There are 2 protein chains.
Amino acid sequence: MADVNVSSLAISPKGAGKTDDSQGNEGIPAVELIELLFFAYRDFVGDADELLVRLGFGRAHHRVVHFVNRHPGMRVADLLEVLKITKQSLGRVLRELVDNGYIEQKAGATDRRERLLYVAPKGEELARQLVALQTRRFARALNECGPGARAAARKFLASMIDPEQRAEVERLIANANGKK
Amino acid sequence: MADVNVSSLAISPKGAGKTDDSQGNEGIPAVELIELLFFAYRDFVGDADELLVRLGFGRAHHRVVHFVNRHPGMRVADLLEVLKITKQSLGRVLRELVDNGYIEQKAGATDRRERLLYVAPKGEELARQLVALQTRRFARALNECGPGARAAARKFLASMIDPEQRAEVERLIANANGKK
DNA sequence: CGTTTACGTCAGCCATATTGACTTATTTTC
DNA sequence: GAAAATAAGTCAATATGGCTGACGTAAACG
């Protein structure tokens with residue numbers, strides 16, 4: 001599932017790879033970074049996919065479990081906004097997670113219309129395993145990159161996010177940290 | 001389409017964000033990197049999505065145009081191996097791209113069973129635009145990160161790829177570069 | 001009391017992927 | 001030269017994960 005396996009590609013040499021060394025590129029064309037990000041992300045999500053398919057879940061379930069674990073007590077509406085999907089799409093995934101005992105819903109204390117979302121022990125364990133898998137990949141990669149790479153990677157990844165939305169993502173992360 | 005818009009998430013504080021500062025973490029928990037990569041990749045592909053939907057295409061078309069542009073004359077079997085999808089899945093996408101004049105197929109010179117894939121001028125222009133969009137995001141991000149960031153990002157991204165497949169990805173990239 | 005809000009759900013649609021079985025053309029092998 | 005293997009295309013059925021629109025219900029707001 002995490003396989004990229006670009007094996008034995010004896011492709012005829014003649015292509016469109018511009019050197020593109022015009023503005024402090026350090027000799028690295030952007031198209032290389034584009035392709036590396038593509039493959040890196042593919043393997044990154046592949047880690048989780050393997051575990052998820054065994055449970056009959058998909059990436060949608062992963063995202064829900066992850067964010068609910070990070071933000072216990074979040075409302076359904078909050079989750080919809082983070083995931084940027086529709087109520088209907090979330091509905092099926094959420095129902096499956098609730099039915100299988102990964103997520104719990106509790107009516108809000110002040111506003112009883114709200115169904116606040118919490119991970120059940122089963123869901124917390126799944127979230128923990130998923131984070132552990134991906135943590136391992138980051139740890140290995142950053143270890144190869146030497147000291148300072150973690151801070152550099154953090155800065156780089158944050159910089160790749162749309163500037164308008166970066167503050168909100170940082171707020172989301174800060175909100176989830178510093179608890180427990 | 002690139003929107004993440006995690007706005008106004010007034011989520012109740014009480015969570016599972018482990019500090020996880022145990023093995024040279026530079027104070028940055030891996031879960032932060034995981035989430036940043038998630039949002040970064042989302043915006044990264046969002047750039048291309050906007051352009052593609054206007055043409056009635058999806059991400060599958062993007063991948064095909066990109067790789068055929070980088071590897072002109074590749075066989076259908078090669079493309080299947082890179083994309084890791086089935087012949088049947090590729091079929092529809094490829095047909096649409098050919099019908100709309102983005103991709104051309106030519107019978108192989110030595111083996112006439114092969115339908116070698118080439119981008120038509122229209123397809124080359126689309127590939128160029130898509131790369132330009134994503135190049136812009138990398139350029140902005142790396143500019144924010146200061147000197148040396150490009151090389152560091154390249155190393156980091158390559159390190160995130162499964163070790164077994166890294167060599168093949170590097171070969172693929174090297175193969176596509178150094179032409180034209 | 002009427003409106004709005006939070007959530008859920010029914011029904012239908014679309015895009016992208018899957019598997020299996022089969023055809024056609026062509027090359028390779030014996 | 002006939003048989004087998006290969007490259008590609010296609011048909012049919014299925015799954016997943018999104019989408020829109022419409023509607024229902026309970027609770028809160030004003």
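Chain letters run A, B, ... following the sequence lines, proteins first, then strands; residues in each count from 1. Computed from a predicted model, the values in this text were never measured in an experiment.
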How many whole angstroms separate atom CE of A:Met74 from atom P of C:dA6? 14 Å

Considering only heavy atoms from C-beta outward, does the side chain of A:Leu52 approach that of A:Leu130 to under 4.5 Å? yes

Rounding to a whole Å, what distance do you find between A:Leu83:CG and D:dC19:C1'? 15 Å

A side-chain contact here means heavy atoms from C-beta on lying under 4.5 Å apart; do A:His62 and A:Leu51 qualify? no

Along nucleotides 8-17 of chain C, 5' to 3', which nucleotides get a B, which get an S, and which get a -, given that the test is a protein heavy-atom distance under 4.0 Å? BBB-----BB

Contact between A:Leu94 and A:Gln105 at the side-chain level, heavy atoms closer than 4.5 Å - yes or no? yes

List the steps, then state whether ring-ring contact (aromatic ring centres under 6.0 Å, His included) holds for A:Tyr41 with B:Phe44. CA-CA 11 Å; A:Tyr41 192 78; B:Phe44 169 72; 9.1 Å; no

Do the side chains of B:Phe57 and B:Leu97 get nearer than 4.5 Å, heavy atoms only? yes

What is the distance, to the nearest angstrom, from the CG atom on A:Leu97 to the C1' atom on D:dG17? 14 Å

Which ones in residues 107-114 of chain A lie close to DNA chain D, meaning a heavy atom under 4.0 Å from one of its atoms? A:Thr110, A:Asp111, A:Arg112, A:Arg113

Rounded off to whole Å, could you give me the NZ-to-C1' distance for the B:Lys106 and D:dA7 pair? 19 Å

Sequence neighbours excluded, the answer for side-chain contact (heavy atoms from CB on, under 4.5 Å) partners of A:Ala132 is A:Arg136

Could you tell me how far apart A:Leu55 (CG) and D:dT16 (P) are, to the nearest whole angstrom? 14 Å

Min side-chain heavy-atom separation A:Arg137-A:Leu133 under 4.5 Å: no

Just how far, in rounded Å, is C1' of C:dT5 from CG of A:Leu116? 15 Å

What I'd like to find out is whether the side chain of B:Val93 reaches to under 4.5 Å of the side chain of B:Ile85, using heavy atoms alone. no

Give the rounded distance in Å between these two atoms: CG of A:Leu80 and P of C:dC7. 8 Å

Do B:Asp43 and A:Met160 touch side chain to side chain, with heavy atoms closer than 4.5 Å? no

B:Ile103 CD1 to D:dA8 C1', in whole Å, measures 16 Å

